[in-house]
A.B. asks: 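Could you have a look at this structure, given as structure tokens, before my questions?
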Amino acid sequence: MLRTIRSLKEKGHTMLVVTHEMDFAKNVADVVMFMDEGIIEEMGSPEQIFNNPQNPRTKDFLSKVLY
């Protein structure tokens, strides 16, 4: 599945992907959106979200799933 999504991106397709695969999102996404209970808490480039999250909930989530 991840290979197919990467292939579609390389062909220029736009898509919305919901995932908990943070490495994949970090490497493939142009924009990352963090949602909590249906509310968009933070949105930005993968670099912004993964390297310098601003929202406390985003920081907490990433601290638990990134190694």
A.B. asks: Using 0.5 Å steps for rounding, measure from the NZ atom of Lys64 to the NZ atom of Lys59.
C.D. replies: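 Separation between the atoms: 14.5 Å.
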
A.B. asks: For Leu62 versus Ile49, what's the shortest heavy-atom pair and its separation?
C.D. replies: CD1-O, 3.3 Å

A.B. asks: Of all residues at least two apart in sequence or in a different chain, which pass the side chain to side chain contact (heavy atoms under 4.5 Å, CB included) check with Glu47?
C.D. replies: Ser45, Asn51

A.B. asks: CE/Met43 to CD/Gln48 distance, rounded to the nearest 0.5 angstrom?
C.D. replies: 10.0 Å

A.B. asks: Taking Glu42 for the side chain and Asn55 for the main chain, is one N or O donor matched with an acceptor at less than 3.5 Å?
C.D. replies: yes

A.B. asks: Within a reach of under 6.0 Å around CG of Leu66, are more than 12 heavy atoms found that belong to other residues, nucleotides or ligands?
C.D. replies: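 Yes, the 6.0 Å shell around CG holds more than 12 heavy atoms from other groups.
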
A.B. asks: Which pairs would a plain distance check flag for residues 4-29, meaning a side-chain donor or acceptor within less than 3.5 Å of a matching protein atom at least two apart in sequence or in another chain?
C.D. replies:
unit_1 : atom_1 : unit_2 : atom_2 : d
Lys9   : NZ     : Val28  : O      : 2.6
Lys9   : NZ     : Asp30  : OD1    : 3.2
Thr19  : OG1    : Glu21  : N      : 2.8
Asn27  : ND2    : Asp23  : O      : 2.8

A.B. asks: Roughly how far, to the nearest 0.5 Å, is the CG atom of Asp36 from the CZ atom of Arg57?
C.D. replies: 4.5 Å

A.B. asks: Once rounded to the nearest 0.5 Å, what's the spacing between atom CD1 of Ile40 and atom CE of Met33?
C.D. replies: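 Answer rounded to 0.5 Å: 4.0 Å.
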
